[in-house]
Amino acid sequence: MKDVEILMLSPMMPLIMEGIDKAFTLRRAWQQPDPESYIREVSSSIRGLAPGGHAHIDGAIFDKLPNLEIVANMGVGYDTIDAKEAGRRGIIVTNTPDVLTEEVADLALGLLLATVRHLPQADRHLREGKWLKGAYPLTPTLRGRKVGILGLGRIGKAIAKRLEGFDVELSYYGRSEQAGVPYRYESTLKDLAAKCDVLLCVAPGGVETNGIVGAEVLKALGPDGILINVGRGSVVDEPALVRALRDKTILTAGLDVFADEPRVPAELVAMDHIVLLPHVGSASVETRRAMGQLVVDNLVSWFSGKGPVTPVAETPFRGTAFA
Ligand code: NAP
């Protein structure tokens with residue numbers, strides 16, 4: 001398949017670059033002195049795109065690549081890719097679901113416990129020699145809490161499964177009620193927030209979810225409420241969250257994702273009572289390796305004529321083309 005050319009816009013993990021390089025001809029745009037004119041130069045021979053980085057992939061880039069067949073995204077979330085537009089143009093988009101589900105669920109539980117029981121703050125207390133002067137103050141508890149999950153999909157369900165062992169009450173909100181799920185469904189996000197005291201967000205980003213956790217929802221969550229976000233930063237209205245934390249509208253927050261990564265609002269960084277992580281949900285060696293391999297596998301499978309391994313919902317594959 002060396003005659004197939006794949007464009008990469010920014011560097012990806014070595015496993016992906018080596019895998020693509022081995023099977024195809026890899027065009028590394030970021031290594032060129034003028035990436036834009038390089039893309040123009042190679043545009044007509046590019047059949048696959050492995051974007052890398054946070055670049056927004058939309059109609060503007062599709063216009064530049066008239067023979068593009070597939071965009072292979074690293075990550076299950078693909079809100080940086082206009083998949084609907086890809087679908088309209090007959091371009092397949094793939095992501096990396098399932099292989100990261102358990103890892104992200106583990107991290108979500110770790111973040112929840114770290115936030116409720118102040119693990120990073122207690123660690124700092126010890127390291128700063130404060131234990132010699134006194135015990136770390138008593139913390140809130142997970143005991144007796146009601147956890148509401150926004151986005152009970154693959155990861156949401158893996159989180160819920162773990163939480164069953166923690167003996168907490170579980171409910172969820174999504175666009176529709178799911179059959180065969182043993183947790184209570186709330187038909188609005190505000191109702192979910194009002195009826196729980198931990199709101200755990202694991203919904204995808206994109207226009208539909210942009211800022212849906214806003215001032216109203218945070219107010220409904222209440223002064224004992226804890227917000228955990230491992231989904232996408234854009235789902236939470238960040239300025240409203242800063243106000244809610246500052247005004248004690250909610251108790252605290254644990255965040256792995258932010259609206260404008262890697263930039264995190266200074267107001268959040270300055271707050272000692274919240275826990276912040278640099279988007280590490282899936283970031284273990286094994287899981288990232290599995291995700292990277294799936295990026296390569298999608299490209300290899302597509303160009304071997306076997307169809308994509310994991311196409312996204314907007315570009316489903318139906319045998320010879322997507323419907
Ligand atoms: P998934 O199986 O597709 O689940 C997504 C869930 O979100 C579904 O239950 C869906 O339920 C719900 N949802 C979608 N649109 C919604 C909307 N407009 N309003 C309310 N709920 C909505 O995806 P997944 O594999 O669990 O991954 C979920 C997200 O986690 C990804 O999209 C990604 O953004 C994030 N993620 C983060 C990390 C990290 O490192 N922190 C790692 C991996 C993934 P309905 O269809 O019923 O609405």
Side-chain angles (χ1 to χ4, degrees), residues 13 54 73-81 83-84 93-112 114-115 148-163 170-193 199-214 217 227-237 253-259 261-262 264 275-292 294-295 310-316:
M13 57 193 289
H54 300 291
N73 184 57
M74 168 80 171
V76 66
Y78 51 96
D79 44 306
T80 52
I81 300 172
K84 277 193 188 134
V93 176
T94 62
N95 64 346
T96 61
D98 302 317
V99 292
L100 47 60
T101 296
E102 306 300 327
E103 199 75 79
V104 181
D106 287 351
L107 190 282
L109 260 293
L111 180 55
L112 171 59
T115 305
I149 299 179
L150 161 58
L152 192 74
R154 288 169 293 239
I155 300 171
K157 287 192 180 78
I159 293 170
K161 188 172 138 201
R162 284 158 175 73
L163 281 170
L170 287 166
S171 54
Y172 72 101
Y173 165 73
R175 288 164 299 184
S176 51
E177 186 168 8
Q178 300 181 36
V181 161
Y183 319 120
R184 194 183 66 240
Y185 176 68
E186 295 294 345
S187 58
T188 73
L189 178 53
K190 199 171 158 196
D191 281 347
L192 181 76
L199 179 60
L200 206 156
C201 303
V202 63
V207 281
E208 276 187 40
T209 56
N210 195 27
I212 58 174
V213 178
V217 169
L227 176 76
I228 302 294
N229 190 8
V230 296
R232 275 291 177 269
S234 60
V235 173
V236 175
D237 175 346
L255 310 170
D256 184 43
V257 287
F258 302 89
E261 297 173 6
V264 176
V275 178
L276 307 174
L277 298 177
H279 199 149
V280 292
S282 66
S284 74
V285 173
E286 283 76 7
T287 295
R288 283 289 166 86
R289 200 180 281 150
M291 291 164 65
L294 191 47
V295 172
T310 47
V312 304
E314 293 86 344
T315 67

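For ligands, and for the atoms within them, numbers begin at 1 and follow the listed sequence. Values reported hereafter were calculated over all heavy atoms of this structure, with side chains retained and with hydrogens, waters and symmetry mates removed.
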Return the closest protein heavy atom for [atom] as residue, atom name and distance.
atom                    : value
atom 27 (O) of ligand 1 : Ile155 CD1, 3.4 Å
atom 35 (C) of ligand 1 : Gly231 O, 3.4 Å
atom 4 (O) of ligand 1  : Gly153 CA, 3.2 Å
atom 3 (O) of ligand 1  : Arg154 NH2, 3.5 Å
atom 29 (C) of ligand 1 : Val202 O, 3.6 Å
atom 31 (C) of ligand 1 : Val76 CG1, 3.8 Å
atom 5 (C) of ligand 1  : Pro204 CD, 3.8 Å
atom 42 (C) of ligand 1 : Val104 CG2, 3.4 Å

Exercise. Do you know which of Leu294, Thr287, Val295 makes side chain to side chain contact (heavy atoms under 4.5 Å, CB included) with Met291?
Worked result: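 When Leu294, Thr287, Val295 are each tested with Met291, the side chain to side chain contact (heavy atoms under 4.5 Å, CB included) holds only for Thr287.
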
Problem set entry | Plane angle bin for Tyr185 and Tyr172 - parallel if under 30°, tilted between 30 and 60°, otherwise perpendicular |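 Rings of Tyr172 and Tyr185: tilted, 30 to 60°.
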
Where ligand 1 meets [X] - atom numbers and elements under 4.0 angstrom, heavy-atom basis:
X      : value
Gly151 : 6 (C), 7 (O), 9 (O), 12 (C)
Ser282 : 40 (O)
Ser176 : 47 (O)
Leu152 : 9 (O)
Val257 : 41 (N)
Glu208 : 18 (N)
Gly174 : 20 (C), 21 (N), 48 (O)

For this session: May I ask which of Asn95, Leu192, Val230 has a heavy atom nearer to atom 37 (C) of ligand 1 than the others do?
Result: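 Among Asn95, Leu192, Val230, the closest heavy atom to atom 37 (C) of ligand 1 comes from Val230.
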
Exercise. Out of His279, Arg175, Arg232, whose heavy atom is nearest to atom 16 (C) of ligand 1?
Worked result: Arg175

Problem set entry | Side-chain ion pair, Arg288 and Glu103, N-O less than 4.0 Å |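 No, this pair does not count.
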
Exercise. Hey, are Arg232 and Glu261 close enough for a salt bridge, meaning a charged N less than 4.0 Å from a carboxylate O?
Worked result: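 No salt bridge links Arg232 with Glu261.
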
Exercise. How far apart are the C-alpha atoms of Val236 and Val257, what are their side-chain angles, what is the distance that settles it, and do they pass the side-chain contact (heavy atoms from CB on, under 4.5 Å) test?
Worked result: CA-CA 10 Å; Val236 175; Val257 287; over 6 Å; no

Exercise. Any side-chain donor paired with an acceptor under 3.5 Å for Tyr183 and Gln178?
Worked result: no

For this session: For ligand 1, find out whether one of its N or O atoms is nearer than 3.5 Å to an N or O atom of Gly281.
Result: yes

Problem set entry | Heteroatom distance test (Asp256, ligand 1): nitrogen or oxygen, under 3.5 angstrom |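 Asp256 vs ligand 1: N/O contact under 3.5 Å present.
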
Quick check: closest heavy atoms across [X] and [Y], and the distance to 0.1 Å?
X      : Y      : answer
Ser234 : Gly205 : OG-CA, 3.7 Å
Gly75  : Thr96  : N-OG1, 2.9 Å
Asp256 : Leu111 : N-CD2, 3.9 Å

Exercise. Would a 4.5 Å heavy-atom cut-off, applied to side chains only, mark Leu150 and Val213 as touching?
Worked result: yes

Exercise. Is a side-chain N or O of Lys157 found less than 3.5 angstrom from the main chain of Leu152, in a donor-acceptor match?
Worked result: yes

Exercise. Donor-acceptor pair, Asp237 side chain versus Gly211 backbone, under 3.5 Å?
Worked result: no

